Amino acid sequence: MTDHYEEISDAILHRLGRGTTKLLGKGGYTDEQKEIIYAVVTRLEVTKLKSIVNEIDPDAFITIMPTHEVRGARFKSAIH
């Protein structure tokens, strides 16, 4: 979660080549509406993703969860 969701989403698209999904959330503590960026990246892209987010918004709230399978024609593993 971040107030810089447009900039981070754009950076994920252009610097990682990954699409994002924007979800509307509401802070449980502040009760403020926030945009949540959801992105699926490979294990090898996680460090780059964290770097991008930290560069744009060091205060962004990030969760990283393992995913065992991704289905869909639009998701292609990057060549490393």
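Predicted model, so just to flag it, every value in this text is computed and none were measured.
You'll find the side chain of R18 reaches within 4.5 Å of the side chain of T42, heavy atoms only. At least one side-chain heavy atom of L16 sits under 4.5 Å from a side-chain heavy atom of K48. Using a 4.5 Å heavy-atom cutoff, the side chains of V53 and T2 are not in contact. Using a 4.5 Å heavy-atom threshold, the side chains of T20 and L13 count as separate.
Note that CZ of R43 is 13.0 Å distant from OG1 of T67, once rounded to the nearest 0.5 Å. One distance of note links CD1 of I36 with NZ of K26; it measures 12.5 Å at 0.5 Å rounding. Taking OH from Y38 and OG1 from T63, the interatomic distance works out to 9.0 Å, rounded to the nearest 0.5 Å. We find the CD1-CG distance between I62 and N54 to be 7.0 Å, quoted to the nearest 0.5 Å. Put simply, OG on S9 and CD1 on I52 are 11.0 Å apart, with the number rounded to the nearest 0.5 Å.
Within the structure, salt bridge (Lys or Arg N to Asp or Glu O under 4.0 Å) pairs that include any residue of residues 5-16 comprise E6-K22, R15-E55 (at least two apart or interchain).
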Walk me through whether K34 and D3 qualify under side chain to side chain contact (heavy atoms under 4.5 Å, CB included). CA-CA 7 Å; K34 298 278 186 178; D3 291 330; 2.8 Å; yes
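Proximity of a side-chain donor or acceptor of T30 to a complementary backbone N or O of E32 within less than 3.5 Å is detected.
Among residues two or more places apart in sequence or in another chain, the side chain to side chain contact (heavy atoms under 4.5 Å, CB included) test is passed with Q33 by L24.
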